[in-house]
Amino acid sequence: MADAVFLALSVLTIGSAIAALEMRSLIYGSIALMGSLGGVAGFFFLLDAPFVALFQLAVYVGSIAVLILFTVMLVRRELIFKKIEDRRRKMAGIGLLLVFLVSVGALIMSSGIQQMDSDSPPIDFREIGEDFLVYYWPALVVMALILSGAVTGALVLARREVESGTN
Amino acid sequence: MNATPLVILGVLGVAGVILPVLDVARRERFTQAYAAVALGALFISIGYVGYQFVSGMVQPGAIFSTDVLADDAFGGLFAIAMLIVAVFSVTGSISYMRDQKYPAVYYSLILLSAIGMVLVAYSTDLVMLFVAWELMSIPTYVLAGFMKRNPISNEAALKYFLFGAMSSAIIVYGISMVYGLTGTTNISEVIVALTTLDASMMPLAILAIGLFVAGFGFKMGLVPFHMWLPDTYEGAPQPITALLAAATKKAGFAATIRIVVMGMAALHLDWTLALGIIAVMTMTIGNVAAIMQKNLSRMLAYSSIGHAGYILIGLAVAPHSAAGLQGSLYHVLNHAVMKGAAFIAISGVVVALAVTHLDKIRGLGRRMPITALGLTVSLLALAGVPPLNGFWSKLMLFGAALESGSFVWWGPWLAIAAVLNSALSLAYYGWIMRKMYFEGEDAKRVKEPKSVIAVMIFSLLFMVGLGVYPDPVIQFVEMATPTFLLP
Amino acid sequence: MALIEFVLVSVALLGIGIYGLAVKRNAIRMLFAVEIIINAANLNLVAFSRYVDDSGGQTLALFSIAIAAAEVAVGLALVVVAYRMYKDVDIANFRSLRG
Amino acid sequence: MVWLVWILPFVAALIMPGVGKASKKATNYVAVGFALASALSAASLLPMALAGDEIHDQIMWIEAIGLEAGVLADPISVIMANVVAWISFLIMGYSTGYMKGDRDIIRFWFWMMFFIGSMQIIVLSDNLLQLFFGWEGVGLASYSLISFWYRDKQKDHVGQRGRTALGLLDYYSPTHAGMKAFIMTKVGDIMMLSGMLLIFLYAGTFGFRELVETTTWATQMDAVGLLVPAFVLLFGGAVGKSAQFPLNEWLLEAMTGPTAVSALIHAATMVKAGVFLVARIGPIMFALGAAGILGEQFFAIVAWTGAITALLLATQGMTNPEIKKVLAYSTGSQIGYMMMALGVAGLSHQYVDGYTAGFFHLISHAMFKASLFMAAGSLLHVVGSRFMTDMGGLRRHMKKTYAFMWAAGLGLMGAPFITTGFWSKDAIFAAVYESGAEFGMILYGIAVLTAIITAFYTTRMIGMVFHGEKSPHIQKMESKGHHVHEAHLSMWVPYGILAALTIILGVAGLYIEGSLHHLFEEYLDHSFHIHSEHGEETGILGGLNPVALVSSLAAFGIGILLGYVFYIGRLVSPQRLVSSNLFFYAIHKLLLNRWYLNSIIYWCFVVAPLWLARGLFRYFERTTIDYGMNTGLEKATRWGATVVQGTQTGTVQSYLFVFGAGLLFVVLMLMV
Amino acid sequence: MIEFGLLQAVFLPLFLAPVAYVLGTRYGAAPAMWFSFAVLLYGTVLVVLGTISGYSEYYPWTGEFGGFGFSLDGLSSPFAIIIYVLSTILVLYSRPYMVHRFEEMANGTLQTSALNRQVGLYFALYLVFAMGMLGTVLSTNLIQFYVFFEIMLIPGFFLVSLWGDGPRRKIGLMFLFWTHVGAVVLLLGFLMIGLTVGSFDFSDISESAIPPDIVLLSAIAISIGLGVKLAVFMFHIWLPWVHGAAPTPISALLSPAMIGIGAYGIFRLVVEFLPNTFADLAIWFHIWGIVTMLYGGAMALMQDDIKRLFAYSSISQMGYLLFGIGSLSVLGMAGAEMMYITHALGKGLLFMTAGILIVKAGTRSISKLGGLAGKMPITAVCAVIGALTIMGVPPTSGFMGEWILFYGALETAISEGSMVRAVTFGLGLVATVLTMSYMLWMLKRVFFGKTPEHLEKVKEAGWHMTAPMMVLAGFTIVLGIYPDIFLEGIIPYMEGVLRI
């Protein structure tokens, strides 16, 4: 059962990741990306991390992907459906991909990770909360700064200038 | 006790958050005030770090605490270097940003980025390090593209962003590997766990190290992860380039030393040759590419790559020579000031003359004497000409490479390559000087931005003063250098 | 399900992401690729977190997701700016900086 | 007093610019006065020296190496010093007339005094190093004086314009000549220097007296076979300075200098220095024979060099049309005689014979050659040309000069019984004949042959100048209103004195030679412990070797007869003789072209090295060094930069591709 | 001895350089010149006094690399004295030459203020340059040595690039680049020694034993590094250009004083500190020296530019120095040092001559000169004395250097029974003839012969230019007659170095 789900999720995630990159239309591409991100969320469920999974769904699928979608819709139509590719570059990219997969795959397969397994109970998400507040609290503060900085920065950048600047 | 990073976090964080708020609150634009606030915060931070050092409350070397942050001399050294550069950047921006929009956000982002850098150096936990890394990076993406109407700036920012995003993902990937192998994210625990790592897990550990090298190497500008760097440095506003070249790059080294070098040592890997090869590649490509550049920023960007190579020498020979890491840290500090000063000088040129092309800075020595002098001295310092500060750190690095010759055959070759590169670099630095002083004899003097002059004077004092009498800094560096006594 | 299966999926995603970044010319599609890589890393983290039985992995995954959001925001802003200037998002045309 | 002899000329030289600034005329008095003072102080040493005593005075010089400077006034040096000083004094007097009105008179006096001072250093120095100072000083002064007329006017050149030998112009400007003289003598000098250094290496001293005190150094040097080479190298210096074969060629071009300078060079200083050096070191070498170290090779080399030079230059003197060059050839030839005498002295058991002969010839030669040169200078002054073909028939106009020239010329020819030249030459013949050396007879033959030639060319010179018809040149001059007349008093008096002395001393020649012989015998015995076998020579003519006497007389007779036939009596036209016969033509051309020696030297040591240097410069320095290492390196770096820049395409995809590949690369590198 | 005497001698010029600049800018050439002259004169006096009392000073500096100090011993004091004497008198010479040069560069449209600014800058750079050279030879620490070694480079670069002739900017860069390459290679050698010994102080290094493999490598690195400075054969790439292009007072300082510092370095660093290796390497120095001698001389024969001729002559003379060093005997090495002194005097004179020709005759091409002896007698006399010094003709100091040098070479050749050394000795003598040839030929072409028409109006230079020459000319003759002034110190030192 779980294996079948895993298989399905794998196909969904990887397939839609490829689709996101390769589909002609950017809109469909972003939808495919959502699928891929959702698939990862599914993996999280499989891994007994519902908190992260929900966070993933909320933040990624819910906001990021939608943000992307809106951005896509901002740009001109012909851009959305235009897909310019450089064949040589694509071949080189596929080559790189294959080499990467083969070598890193072999690396991983040859390592002792194959024997790693766990039968411990899933982690309670309250532990995560405790981590955040006790151990990682400076990181949390920093996180907040990142978000504020990113938001102000993105706002400043994206804001349309009414009057013409001096630059 | 980890008071210092937290104080910095607090001071700069508050200032960084308040600035945009102030901007909203005050309708009239008063750029200098924002800069003053930012400078104030930075000075307080520097003062605090310095005070901690002077009062001896800092633990020497790089320590490994069970907390996410450690208050050690290693971090302190980087903090000082980075904060100085941040001060340069802010000061240099005063004139640069005079007619630009959103100065408050601009300064706030510099402050936030500064926090990130400092915390990267202080981090003793991978998660903290990653988060700090991102705090450092994300504002700089914005800053690099801050000149919204300038396509160059935007292009630079986009390239930077794409690389940055990719490398931060790769860093996370690397962290995940390490975490998977050790079950912890605290660096000290990671290292302890790595020392007893099962042999079958070795490939994964290597993969993780490789990912870290790539991820951090992007920031450091190591070949082959350097390709964004010239483009971004050229396109970004020069004060930001100063920040990128002189500070964020150093954060990469801080992270590498804390994680990669320690981790590699823990893994008993023979990693030195790999780093040595990267070092030679980096400095050679950086210096060779710099030779024919026509754009001042771009030339210095390549030189920056070259310098990353020098610093990496220290890392490469770290296990064999005590002077290696010392030299690296020393060069980090020096390079921060030298490159920072150089880019701020260029920003002054841009403000006053709006040019960066080499052919157009003819006669700069007459047009902007102080800026030109500052640039000249910093170039000479970069070239390692005594008695400027750059000489001493290069000396230690080359010495370390030679010293390692008794353990590894390639040590002297590393030194020779470095030395020849160093000589080669003088060719293009000399080219800049030639353009500034020996051409355009009839140039007339123009007004130089006061803020740039201030930076120039400070850096001149720093470079010459600590070049003539380097002992305090050497002692400082010795204190800050981590040892290989693993926890 | 062994850990390795998750790791392999993650590696595959990582590879696809790198491929996307190295091949695609559309800035937005490159953002997709970045997201895919981050997700690969997150998957890895959570999987390891499950198998080493520690909460740290999940914590980092959460941080990572949040940061990805911030990054994407900035990235999209940059793309928008670029689009305004060039009326185009083909990044291969952004090559005035080179040499 | 001894020091004064050489210090005074230097003082004069040093004050000369100052005096000259005050008054140009005063320089004449200063020069002559100081020369006289120097001569007087030299003369004051004579009684001491003739009594066989010596003064050896030393002061510390280079303390770091332990070298002392000093003067050594022994008989030989005192006599030499007197010859130099007095002849110089006369030449200085002559110069006041000869150089009258020259705008560079100060420079002239400066170098003349410097010349004399340097020569006196050579003569009076007690060690080789100090001698070398004088040695080089002489070279320097000769350089400056030969190229005195540095403006290279055409009248100051020597040689026939446009004539070439082996493709090289035989026409030299004063500056060229000076350079040639300096460099050629320098070749000798460095040989001498290395000889000196070799001796110093073993002996630890440069001092002449110190070298005689012990023989251990010589034994050591002999053991490694360096003794003779060292002395030969020393002799190399003499070869250079005295213009011996093969370094003889500079002497001819040295004729570009003012004639007073030529006189000084040929009679008193410079070329005599070489002879003096051999006289200085010869006894040292010979004395080593007592310690069982034989230096016969050295003496043989000296003798043969002298002989070859004597013949070589004498033959060339027969054909040259320039009066000063003829005299120059004659000088070289006569110096060859002296060398030969000093050489064969060492080959025989009776060292003192040859020694005396050589030295005596030096003295007599100094007198008549100075006289001849000064007379020739007067002729030049009067005629305004250095070519004998431009003179002719002058005997009626310049009676005094004619007479003096004959007197001195007879001295050169060795006119029997009445000239010093006869006695000294005869002594040389005798020494060569009696030496009993291997090939001694060949040497003797050369000597006699040379004597014939000498007599011939001297007659030829006088005949061409004073006899026969006036040349077109003089006729032209006279038609322009110039009148050929006797030279000024200040000029003819000095050479008159010397010509007279040649005859006067010649009459008493045998006695002088005898006392000189006696003096040197004692001197060599006393200073070098060289004993000579006493015996037969008692009567007036008893001391003379009959064979030598006869051959000497015969040589004089044949030579002067031939000369008379061709040039005084003008019975046979020499031109016709030469063009009549291919053999004579070839010989004439060979001699006129100086046996092609000069050309060969130029080809080998001037043209070829210059060619080589040019080749190196063009094809190595310009290409490999300049282009290869500057431009080439620059280009290579630029090329590298272009390549690296080429990778920086500006396309971010490529960058990211490289990033990915780099990631793999790093991982794999770490794995290995 | 005045307290901190050498410290003052070295650093006063540096600290007073801005004053010279201000004086020049505000008040014109004369005050700046006299000020620089006074500063350097004071330094010279201090150095001379220090030499008499055999003086040294030490100050704390860095922990890692040791202290710094200044020391005058038999080796360094002749160098120091010559450097400062030359620097001092060339100040006087500089003024007319440089004013001429400034005017020439401005095509006669030079305003007084611009002139003054350049004058000020010139003297400031000049002082730093002089100070760098002195500091190098007085150093007592490897790193300090290197620091000063580089310091003299920077003002040199500016001086050449600002006021040189021809493609001066390019040549300035070439100068900077090549000498820097040499310097960094040198630095490698220093580091090897210093790290092995654990100290960079001369006193420590001379007392410690260093492993032979390191010694060999570092000796080679140091020799190559200094070889570039000395401009020995194959490393002379930069010298003809730089000496040809530099403003003549600087050429007159570069060529005699600066490049010879390479020889000082070899003495101090290789001969003194690595004696055993040096003994092995000496023959190569010897051969290298002879090749340089001959090559430089041959190239000098081919030059038409008078300054380039002197430049090649300098290369050849540096060959003599190396030759002497390679002779591995007391007198040979003493001769080499003596050659430095005499070359400094002689070449200084010759370069000043070239400067006068440039200023007065307006050309530096030998083929355009001729017959100037009568027009400028003092210059001609000084040039001849300079040439004689280079040729090694007594009574100039050249002879005193040369015979000692060759004696040393001969001594070693004989005592080792080495055929190679004997041959090099012979070739060395040939080189002296070569030297003589190109010098005399140069004199002939410049000062003798016919005067071209365009030179009819040439006049003797003013006393600013001739007086320094006369001083040097007097010096060389005094030294030629009484060399003990320097030999007294040099020979005991060399004996000490070779442990005889």
Portion of E:Pro483 that has a non-hydrogen atom of chain D nearer than 4.5 angstrom: side chain
From D:Leu612 atom CG to E:Met302 atom CE, the distance as rounded to the nearest 0.5 Å: 9.5 Å
For the student: nearest non-hydrogen atoms of E:Gly371 and D:Tyr150, plus distance: O-CE1, 4.4 Å
Considering all heavy atoms, the nearest E:Ile237-D:Met629 contact: CD1-CE, 3.5 Å
Over all atoms of both residues, closest heavy-atom pair of D:Lys186 and E:Gly392: NZ-O, 3.8 Å
Winner by heavy-atom pair count (cut-off under 4.5 Å) against chain D, out of E:Leu487, E:Asp484, E:Ile404: E:Asp484
Residue among E:Leu410, E:Val381, E:Thr432 with most heavy-atom pairs under 4.5 Å to chain D: E:Leu410
Chain E contact via D:Leu193 - which portion, at a heavy-atom distance below 4.5 Å: side chain
Side chain proximity check, E:Phe406 to D:Ser194, heavy atoms < 4.5 angstrom: no
Heavy-atom closest contact (E:Lys450 atom, D:Asp152 atom, distance): NZ-O, 3.2 Å
Part of E:Ile491 lying under 4.5 Å from any heavy atom of chain D: side chain
Within the 6.0 Å centroid threshold, strictly below: D:Phe206 and E:Trp403: yes
Part of E:Phe235 within contact of chain D (heavy atom distance under 4.5 Å): neither
Under 4.5 Å from a heavy atom of chain E, the part of D:Leu610 involved: both
Heavy-atom proximity to chain E below 4.5 Å, by part of D:Thr175: both
Euclidean distance, D:Asn630 CG relative to E:Ile171 CD1, rounded to 0.5 Å: 9.5 Å
Note, E:Met174 side chain near D:Glu634 side chain (heavy atom, < 4.5 Å): no
From CA spacing to verdict: side-chain hydrogen bond (donor to acceptor under 3.5 Å, both in side chains), E:Trp241, D:Asp626: CA-CA 9 Å; E:Trp241 296 98; D:Asp626 263 7; 3.1 Å; yes
Working for side chain to side chain contact (heavy atoms under 4.5 Å, CB included), residues D:Phe617 and E:Tyr295: CA-CA 9 Å; D:Phe617 183 63; E:Tyr295 186 80; over 6 Å; no
Contact check, side chains of D:Arg151 and E:Phe448, non-hydrogen atoms, under 4.5 Å: no
Under 4.5 Å from any heavy atom of chain D - which part of E:Leu434: neither
Beyond-backbone contact of E:Lys444 with D:Ser173, side-chain heavy atoms, under 4.5 angstrom: yes
D:Phe132 versus chain E, the contacting section by heavy-atom distance below 4.5 Å: both
D:Phe620 atom CZ, over 12 foreign heavy atoms within 6.0 Å: yes
Member of E:Leu440, E:Leu388, E:Val393 meeting the side chain to side chain contact (heavy atoms under 4.5 Å, CB included) criterion with D:Tyr143: E:Leu440
Among E:Gly374, E:Pro377, E:Gly426, E:Gly489, residue most engaged with chain D (heavy-atom pairs, under 4.5 Å): E:Gly374
Gap between atom CZ of E:Arg445 and atom CE of D:Met179 - 0.5 Å precision: 8.5 Å
Neighbour count >12 (heavy atoms, 6.0 Å) for atom CD, E:Glu453: no
Which portion of E:Met400 sits near chain D, non-hydrogen atoms under 4.5 angstrom: side chain
Portion of E:Leu294 that has a non-hydrogen atom of chain D nearer than 4.5 angstrom: neither
Chain D contact via E:Phe447 - which portion, at a heavy-atom distance below 4.5 Å: backbone
Interchain contact, D:Leu198 with chain E, by part (heavy-atom threshold 4.5 Å): both
Validation row: E:Met234, D:Ile625 side chains within 4.5 angstrom (heavy atoms): yes
Heavy-atom pairs under 4.5 Å with chain D, option from E:Phe177, E:Trp238, E:Phe425, E:Trp441 with the top count: E:Trp441
CE-CD distance between E:Met391 and D:Glu136, expressed to the nearest 0.5 angstrom: 9.5 Å
Spacing of E:Thr396 atom OG1 and D:Leu140 atom CG [to the nearest 0.5 Å]: 8.5 Å
For the student: nearest non-hydrogen atoms of D:Ile190 and E:Leu429, plus distance: CD1-O, 3.5 Å
Part of D:Phe182 within contact of chain E (heavy atom distance under 4.5 Å): both
Aromatic contact, E:Tyr407 with D:Phe200 (centres under 6.0 Å): yes
Gap separating the CE atom of E:Met299 from the CD atom of D:Glu621, nearest 0.5 angstrom: 6.0 Å
Heavy-atom pair of closest approach, residues D:Ala613 and E:Ala298: CB-O, 3.6 Å
Heavy-atom pair count under 4.5 Å with chain D, highest-scoring of E:Ile490, E:Leu443, E:Val433, E:Val384: E:Val433
Enclosure of D:Lys24 NZ (heavy-atom neighbours >12, cutoff 6.0 Å): yes
